[in-house]
Amino acid sequence: MPDPDIVVVGGGMVGLASALALGERGLAVALVDPGEARARTSYGNAGVLSRGSIFPMAGPALWPKLPAYLRNADSALRLNHAHLVRVVPWGLHFLAAARESRWRRAAAALVPLTTAAYPAHERLAERAGTRARLHRSGWLKLYRTETAFAGAALERAILAEHGVALEILDGAALRDREPALVRPYARAMLLTETAALSEPGALIEACERLFSQTGGRYLRGAVTGLAPEAEGWRVAYAGGAVRARQVVVAAGAASAEILRPLGYRFAFAAERGYHRHYALHPDSPPLTRPVLDTGAGSIIAPMGEGRVRVLSGVELNARGAAPDHRQIEAAAREAAGTLRLGGPLDNQPWMGSRPSTPDGMPVIGRAPRHAGLILAFGHGHIGLSTGPITGELVADLATGAEPALPLAPFAPDRLLRWPRL
Ligand SMILES: Cc1cc2nc3c(=O)[nH]c(=O)nc-3n(C[C@H](O)[C@H](O)[C@H](O)COP(=O)(O)OP(=O)(O)OC[C@H]3O[C@@H](n4cnc5c(N)ncnc54)[C@H](O)[C@@H]3O)c2cc1C
């Protein structure tokens with residue numbers, strides 16, 4: 001077999017979208033991935049594609065919540081304290097990014113990316129034949145008390161500054177709009193420029209099929225080494241090795257480990273998350289859009305056929321540590337007060353790892369010290385949404401085209417040095 005022009009490492013939303021966009025530009029592409037569908041974070045997320053998802057976790061709201069977070073007393077975040085020493089660079093960058101000025105800057109940098117995300121999803125869905133899975137339903141942030149709603153005033157002001165459309169609903173209007181909700185909420189914010197994707201895993205499978213149908217080479221196995229050579233790269237993987245002039249590292253939460261032998265030490269972490277499916281009670285109206293219960297720190301998303309997916313908040317822990325189901329169990333208990341739920345439909349909760357940068361922005365750009373190495377990882381909470389547009393940006397970089405969006409905020413080197421605290 002002739003060598004491909006480019007090898008993509010990782011077959012989640014970001015890697016697959018990159019591989020497809022590169023193929024569309026006429027490059028011969030090989031994609032290397034172990035091929036376990038459920039191992040991808042892109043398989044198990046909430047399916048929310050929102051223009052308003054521009055807020056990094058590190059922000060001014062962190063400070064009042066920090067004591068509860070450190071005691072594991074807030075279900076939105078669970079810490080393995082012993083693990084914290086292993087993510088010190090991430091933690092220091094995270095604290096630096098929590099300053100309001102930095103948080104605002106990150107939100108402004110993310111707006112072009114989240115704005116381009118939906119049109120890129122539509123283009124991908126047309127090619128992959130999954131258009132029917134995209135629903136322009138909007139999504140709801142729910143507030144249990146007026147105080148909690150007032151606490152999100154800055155968020156709403158920033159969304160308004162960036163022209164993100166939203167509606168504020170009081171409790172009665174919310175019940176009319178989403179009758180499946182049985183818990184009384186004080187207020188809700190409906191972000192209308194949002195699509196919900198039912199069964200994100202089905203999009204990933206359709207992208208895999210499209211990749212093979214359009215001439216892409218899918219190489220199954222984990223990458224074990226990247227070696228620069230005179231003419232490009234040798235990529236060793238469990239099934240052998242492949243050579244190409246360029247390589248894209250898009251392996252989600254595993255990306256930083258893959259790059260470490262090349263001398264890159266990224267401030268990077270895994271934010272683990274869980275989901276479990278439940279049937280809605282037969283007498284319940286359907287849930288028509290994803291909801292984030294800010295009081296529980298968890299999301300419930302409709303997945304079709306009367307099923308809902310309950311998703312946990314963030315667990316800061318080693319990617320490979322044994323699952324800790326406490327957070328998803330708490331989320332499920334809260335969800336049972338929000339909707340009329342039947343029993344769980346899965347034997348075990350699913351677990352995945354969000355590829356987390358401390359400033360909430362992805363890494364998209366050329367590697368600082370190696371020619372022919374493109375980095376596309378760290379999409380945190382918005383990688384399903386921004387994966388397809390990232391793929392198009394990767395294709396711009398690989399073909400020498402002017403990137404469709406400004407990439408300076410996403411430059412890799414910002415996470416390779418100590419932060420300015
Ligand atoms: C609970 C939860 C809810 C979420 N909700 C949303 C949401 O509503 N909207 C949204 O936009 N985002 C959401 N996200 C985030 C989103 O799922 C991720 O940002 C996104 O899936 C990251 O995509 P990725 O391609 O970078 O990583 P992944 O999907 O994890 O893919 C990485 C790939 O790399 C492969 N890989 C790993 N190691 C190697 C190796 N050595 N060699 C080759 N391949 C390797 C893996 O097998 C995998 O296929 C959520 C995440 C979680 C956990």
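Atoms within each ligand, like the ligands themselves, are counted from 1 in listed order.
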Given [options], which has its nearest heavy atom closest to [atom]?
{"atom": "atom 22 (C) of ligand 1", "options": "Gly15, Ala196, Pro355", "answer": "Pro355"}
{"atom": "atom 29 (O) of ligand 1", "options": "Ala253, Ala46, Ser42", "answer": "Ser42"}
{"atom": "atom 17 (O) of ligand 1", "options": "Asp33, Leu384, Asn45", "answer": "Asn45"}
{"atom": "atom 11 (O) of ligand 1", "options": "Ser385, Gly387, Gly252", "answer": "Ser385"}
{"atom": "atom 41 (N) of ligand 1", "options": "Thr114, Ile328, Leu292, Val223", "answer": "Val223"}
{"atom": "atom 19 (O) of ligand 1", "options": "Ala17, Gly380, Gly352", "answer": "Gly380"}

Atoms in ligand 1 with a heavy atom of Ile382 nearer than 4.0 Å: 10 (C), 11 (O), 12 (N)

field: Those atoms of ligand 1 less than 4.0 Å from some heavy atom in Val9
entry: 42 (N), 43 (C)

[X] to ligand 1: N or O pair under 3.5 Å?
{"X": "Ala222", "answer": "no"}
{"X": "Tyr274", "answer": "no"}
{"X": "Gly44", "answer": "no"}
{"X": "Gly383", "answer": "yes"}

- request: Measure the acute angle between the ring planes of Trp90 and Phe94, then classify it against the limits of 30° and 60° as parallel, tilted or perpendicular.
  value: parallel

- prompt: Do the ring planes of Trp350 and Tyr43 sit parallel (below 30°), tilted (30 to 60°) or perpendicular (above 60°)?
  reply: tilted

Would one find more than 12 heavy atoms of other residues, nucleotides or ligands at under 6.0 Å from atom [atom1] of [X]?
{"X": "Arg183", "atom1": "CZ", "value": "yes"}
{"X": "Glu229", "atom1": "CD", "value": "yes"}
{"X": "Arg220", "atom1": "CZ", "value": "yes"}

Identity and distance of the protein heavy atom lying nearest [atom]:
{"atom": "atom 31 (O) of ligand 1", "value": "Gly12 CA, 3.3 Å"}
{"atom": "atom 28 (P) of ligand 1", "value": "Thr41 N, 3.6 Å"}
{"atom": "atom 52 (C) of ligand 1", "value": "Arg354 NE, 3.5 Å"}
{"atom": "atom 43 (C) of ligand 1", "value": "Val32 O, 3.5 Å"}
{"atom": "atom 45 (C) of ligand 1", "value": "Pro34 CD, 3.7 Å"}
{"atom": "atom 9 (N) of ligand 1", "value": "Val48 O, 2.8 Å"}

message: Here's a test for you: under side chain to side chain donor-acceptor pair (under 3.5 Å), which of His325, Glu315, Gln327 qualifies with Tyr274?
response: Glu315

Where on [X] is there a heavy atom closer than 4.0 Å to ligand 1, on the side chain, on the backbone, on both, or on neither?
{"X": "Leu311", "answer": "side chain"}
{"X": "Ile258", "answer": "side chain"}
{"X": "Ala254", "answer": "side chain"}
{"X": "Glu271", "answer": "neither"}

message: Between ligand 1 and His381, can you find any atom pair, the residue atom being a heavy atom, that is separated by under 4.0 Å?
response: yes

task: Using distance alone, with no hydrogens and no angle criterion, decide if His277 and Asp346 have a side-chain donor and acceptor under 3.5 Å apart.
output: yes

query: Judged by modelled atom types alone, do Arg51 and Thr114 share a side-chain donor-acceptor pair under 3.5 Å?
result: no

query: Can you list the steps and then say if Glu208 with Arg40 is a salt bridge (Lys or Arg N to Asp or Glu O under 4.0 Å)?
result: CA-CA 13 Å; Glu208 281 184 350; Arg40 293 164 191 152; 2.8 Å; yes

- request: Please lay out, stage by stage, how Glu178 and Arg289 fare under the test salt bridge (Lys or Arg N to Asp or Glu O under 4.0 Å).
  value: CA-CA 8 Å; Glu178 201 59 77; Arg289 50 176 74 79; 2.8 Å; yes

message: Distance check, rounded to the nearest 0.5 Å: His381 atom NE2 versus Phe55 atom CZ?
response: 14.0 Å

message: I'd like to know if the side chain of Asn72 reaches the main chain of Leu79, judged simply by a donor and an acceptor atom lying under 3.5 Å from each other, with no hydrogens or angles considered.
response: yes

message: Closer than 4.0 angstrom, basic N to acidic O: yes or no for Arg243 and Glu231?
response: no

field: Glu334/Arg144 salt bridge by N-O under 4.0 Å criterion
entry: yes

